[in-house]
Every structure is written in structure tokens, then in C-alpha cells.
Protein chains: 2
Amino acid sequence: MKPVVTIEPNWQLCSDCAVRASAVCSSLDAAELREFGHLGRRVHFSSGQTVFSEEDITTSFYNLLEGVMRLYKLLPDGRRQIVGFALPGDFLRMNISGRHNFSADAIGAVTVCQFAKSPFGRFIEDRPHLLRRINELAIRELSQARDHMVLLGRRSADEKVAAFLLGWRERLVSLKRALDTIPLPMNRQDIADYLGLTIETVSRTLTKLERPGVIEIIHGGISLLDPAKVEALAAA
Amino acid sequence: MKPVVTIEPNWQLCSDCAVRASAVCSSLDAAELREFGHLGRRVHFSSGQTVFSEEDITTSFYNLLEGVMRLYKLLPDGRRQIVGFALPGDFLRMNISGRHNFSADAIGAVTVCQFAKSPFGRFIEDRPHLLRRINELAIRELSQARDHMVLLGRRSADEKVAAFLLGWRERLVSLKRALDTIPLPMNRQDIADYLGLTIETVSRTLTKLERPGVIEIIHGGISLLDPAKVEALAAA
DNA sequence: CGTGGGATTGAGGCTGCTCAAATTTGGTGG
DNA sequence: CCACCAAATTTGAGCAGCCTCAATCCCACG
């Protein structure tokens, strides 16, 4: 059930870490980075595994290195809202009470850099530049969260899907990848739970976009044949 | 249009500030507090005034001292999503690009403690305890934001209204006030835009709760006659 | 080549929206 | 104190968008 592979402490790996530039650690100098590296260990998860759960008292911070995760909350009756998708470089922290307030699953294979709570807390405690960096990331997340509230509360199904495609492409692009087609590692149900829709509505909406040739649905992704049209549909 | 009254720097007022214990400044000692007080000035806004706008490049941080504000985003066609209500002690910051990513209006009379960006930034720069405090507040906001996403994306109108009443009461209670009835300073449209509903649906839902005596609608507020029933409806 | 899970398509229904009117509330001035 | 007006709220009727339930399709995989 949990074939988790833990690799040795990765202090020697930090310097050429794939997310070095974008992650929390971007604010560290070489010496600090070495010390910091001792605190984290790389852990792998395979597709569908749960990295942590909402209700757990967790003892770790996570830095996503490779792969995609869905971050979600469940209602008692099973309804699910995906509050975000995590990409490499994203930092997942717990709140004051020592819990994440959401759960996280791997979508496809995932590698994280895991930090134990106490040593991590001690390390950042007196490093204002790191604290500022963490702050910066939190602010950005807050901003995204508020944008998503607008989407969930005030946009139609068509607008939601169009905005999702554009936003997801945007994130992948800023992750340096040149894209001809947009990969969609998450399944339709994930997209539906992210947009506050049902799987059928998502499917229908995509089909509706494909019919006039605005997008093309490919296995594992889509491509924007008419990006301008999609942007118009997203209605800013 | 902007009869804003600015009071002199309030360093002598900080020590007995109403939000001293809950706001950012709770992490400061006496000496720091005096210095900090020099940076802020108290500003008053009257009902309905806009404190800052989404698109403005703003130059200030705000600490809400008295009153209630609605924080919202607008779509180009005028649809509005209220992303939160600010209460005394809440801290409103801009993001890296120097903008708030939402607008803020006063609901009733409001007093804020306003800080200019640069001196504020310099003050917190090397104060890890303050940075940690700010972080803490950001994390809490993020947590609330995610809860609200669940509400917006996955709850029915009845559940939304019930959850709103409980959540609002909770916040007021934790602000020390004993409550017989729950004051609702915001109007129905505000509630609707907060919950992702129309004003008619909010009104109908409240009526539906009042008819069997679950709540009572009073001038400027409501009272929970049967809190257990409301909690059941919220389906937490 | 068969199997099964994900995705798509279809038909019909319900929740919440739209448009419109009635009612209540709050403010203002006589 | 009361009449009157504007604004907010409530109520009603009808409709539409999205959901529900169900069947079918499409691949990937054994």
C-alpha cells in the first residue's frame, strides 16, 4: 500500500536540484544550502498515493520536486473540492495547529523533499531572508486562492473550463517548458472537482470546444487551436 | 467623495490599541511598539467608501482597527465575488508586485492603521518574530480561503447560508463579544456575493430558515433560535 | 481479442437564476 | 409625529444551466 522509497539525505543534491531557483531554497546561499540539505530527504510516491491527509497531525513540510499532486478537501458525505494542483517548486506547509488543512495525492509519480517540522522550524527561525521568501510564496498562494474563489463563485461552466485550460498552460509555461500541447495529467473527475462542476459537464464543455475546432482533445492533454477564442471564453 | 480624516501618528496610542493582542503588532515588545507606532497613522473611512482598489498600485499596508470591510474582486462585466470580510485585527497586505489583488470597502464606519510600504518593509525586514507573526496570519488566511473554496464549489444554497451564519458568529465570538443575536452589518447583496448566490436566493433561504423557527431575522442581524439545526444544515 | 476503467453522450429533472412586482425599512422634511 | 420617497428586502412565476442517472464508447492493457 505504501511502497515509499526514501533516498538518503540529499545535501549533495541540493546544488543541482531541479527546483533550486523557484522553491523556498532560492533564498539560501551556498553554505546555508548545505546545512539545509541535511534536513531534507527525498521521498518518492507512486501514482494515486496519498502524501498526507487533512486530518493527520503531520510532522513534515514538503517541497515538491517532480510530478503533480492534487490538493483537496472532503466533506463528510464525500463531496470533494480540489483546492489546487501542486507543481515542482511548490511548498506545502502545515498551519499553527500542526495540520495541513487539506490532503494531497500524487498524480503520477512524485518526488518530494520532506522536512521534519522541528529542525525545519529551527532552521528558518532566525533567517529573515528565508522567512521573507516563505512569506512571498504564501502571498502568491493567497492571491491564487482568491482568483479561484471568483471562478468558483461567479463563473459559468464554459468560463471555468476555459480559464482552467489557460491557467494550467500558464503555470506549465512558467515552469520553463515549451508547449505545443497542454498535458493534463489529472483526470476529468479531478478537473471537475477543481472547478466545482460534475465530470459530465466538464466532458461536455470540452467537446463543445472541440466541435468548432477551438481545441483539440488528445490523449493525456489538449491543444489550443484557437487560444484567442479560449481567452475570450474565459472572460478575463 | 473622500472625506477621510487623518489623525496624527499614533505611537502613543498603540499601547492601548483595541487590536493590540490579535494584530500583527502582538509580536512586538514595548520598545519596538513605540518605533512601530511612528510608522502608522490612523485613518477613518465612512460607510461605503473604498479603502483601496484592486487595480491600484498601492503604497500601504493596513491594519483594521474598528469596523468591517468587504474585500472583493470584480469581473469585467461587473460580477462581483466577495473574497472575505475583514474584522478588527485583520491585516491587509499587498503582494510582490505592489498591488492588493482585491478591493476593499468600508461597511459602516471604519478605522484603519495605515503603514507606508517602504518604512514598513524596512521595519519588518530583520525582525524574525514579526515575520513569523505575519506568516502565521497568512497561513490562517490561506486556510480560510480553502475552506471558502469548498463552500463555493461544493455546497448547496442552504448549506452556504447556514455555514455563513455559523462562521460569522464564530469570528465575532472570537473577537471577544458575547452575542445574543448575530449582527450582520453587510447587506444581502454582500452576503450573496460572498456565497456565490443571488440576492433573491439568500433572502429566500433566510426566510425558509425563519419559517420553522430555526432563526429569527431582526433588524441588522439574526439570532439562532436553534443552533443545532443550523449546524446540521451546514453539513460541515 | 476480450476486459475494464475512464470518458463521452443522452434524456430528463431540480436547484438556483432571471425578471418583475410587492413590501418593508430608513431617512427626510413638513 | 407623520407623510413621503428611495433603497433594501422579500415574494412570485417561469426558465435555464447544470446535475442525475444511465447507456455507450474508447482505449490501454493483460
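In what follows, chains carry the letters A, B, and so on, assigned in the order in which the sequence lines appear, proteins first and then strands, with residues in each chain numbered from 1. In this text, all values refer to a predicted model and were calculated from it rather than measured experimentally.
- Per the geometry, CZ belonging to Arg154(B) stands 15 Å off C1' belonging to dT15(C), to the nearest Å.
- One atom, NZ of Lys160(B), and another, C1' of dC17(C), lie 12 Å apart when rounded to the nearest Å.
- Shown here for Pro183(B) and Thr181(B), the closest heavy-atom pair between the two residues is CD-O, 3.2 Å.
- Paired with Phe164(B) under the rule side chain to side chain contact (heavy atoms under 4.5 Å, CB included), one option of Leu151(B), Leu197(B), Leu184(B) passes, and it is Leu184(B).
- Less than 4.0 Å separates DNA chain C from at least one heavy atom of each of the following residues of residues 201-213 of chain A: Ser203(A), Arg204(A), Thr207(A).
- Of the residues in residues 179-198 of chain A, those with a non-hydrogen atom less than 4.0 angstrom from any atom of DNA chain C are Asn187(A), Arg188(A).
- Legend: residues meeting side-chain contact (heavy atoms from CB on, under 4.5 Å) with Leu225(B), ordered by chain and number and at least two apart, are Glu216(B), Ser223(B).
- Ring centroids of Tyr62(A) and Phe115(A) are separated by 6.0 Å or more, keeping the two rings apart.
- For Ser156(B), the side-chain contact (heavy atoms from CB on, under 4.5 Å) partners two or more places apart in sequence, or in a different chain, are Asp158(B), Glu159(B).
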Measure all distances between protein nitrogen or oxygen atoms and nitrogen or oxygen atoms of nucleotides 24-27 of chain C, and list the pairs falling under 3.5 Å.
from: dG26(C); atom 1: OP1; to: His219(B); atom 2: ND1; distance (Å): 2.3
from: dG26(C); atom 1: OP1; to: His219(B); atom 2: NE2; distance (Å): 3.4

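- For Leu224(B), the side-chain contact (heavy atoms from CB on, under 4.5 Å) partners two or more places apart in sequence, or in a different chain, are Leu165(B), Leu166(B), Arg169(B), Ile182(B), Ile215(B), Ile222(B), Pro227(B), Val230(B).
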**Fill in**
Given Watson-Crick and G-U pairs under 3.5 Å, DNA chain C in dot-bracket ([ ] crossing, | other strand) is ||||||||||||||||||||||||||||||

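- When rounded to the nearest whole Å, the span between CD of Glu159(B) and P of dG16(C) equals 9 Å.
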**Message:** Run the salt bridge (Lys or Arg N to Asp or Glu O under 4.0 Å) test on Asp193(A) and Arg154(B) for me, step by step, so that the C-alpha distance in whole Å, both residues' side-chain angles and the decisive distance to 0.1 Å come before the verdict.
**Reply:** CA-CA 8 Å; Asp193(A) 288 346; Arg154(B) 284 295 179 232; 2.8 Å; yes

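- The outermost nucleotides of DNA chain D lying under 4.0 Å from heavy atoms of chain B, listed 5' to 3', are dT9(D) to dA13(D).
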**Verdict with supporting geometry, Arg140(A) and Asp90(A), salt bridge (Lys or Arg N to Asp or Glu O under 4.0 Å)** = CA-CA 11 Å; Arg140(A) 192 190 309 166; Asp90(A) 287 352; over 6 Å; no

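- At whole-Å resolution of the value, CD1 in Ile199(A) and P in dG5(C) are 14 Å apart.
- Taking the ring-ring contact (aromatic ring centres under 6.0 Å, His included) definition, one finds that Phe85(B) meets it with Trp168(B), Tyr194(B), sequence neighbours left out.
- Listed by first and then second residue, the salt bridge (charged side-chain N to carboxylate O under 4.0 Å, His left out) pairs involving residues 53-67 of chain B are Glu54(B)-Lys73(B) (not counting sequence neighbours).
- Across Leu64(B), Leu71(B), Val112(B), a single residue satisfies side chain to side chain contact (heavy atoms under 4.5 Å, CB included) together with Leu92(B), and that is Leu71(B).
- For Arg20(A), the side-chain contact (heavy atoms from CB on, under 4.5 Å) partners two or more places apart in sequence, or in a different chain, are Cys17(A), Leu33(A).
- Judged by the 6.0 Å distance and 45° axis criteria, Arg80(B) is positioned over the aromatic ring of Tyr72(B).
- Using a 3.5 Å distance cut-off with no hydrogens or angles, the side chains of Thr198(B) and Thr201(B) do pair a donor with an acceptor.
- Take Arg146(B) and apply the salt bridge (charged side-chain N to carboxylate O under 4.0 Å, His left out) test, not counting sequence neighbours, and it matches Glu141(A).
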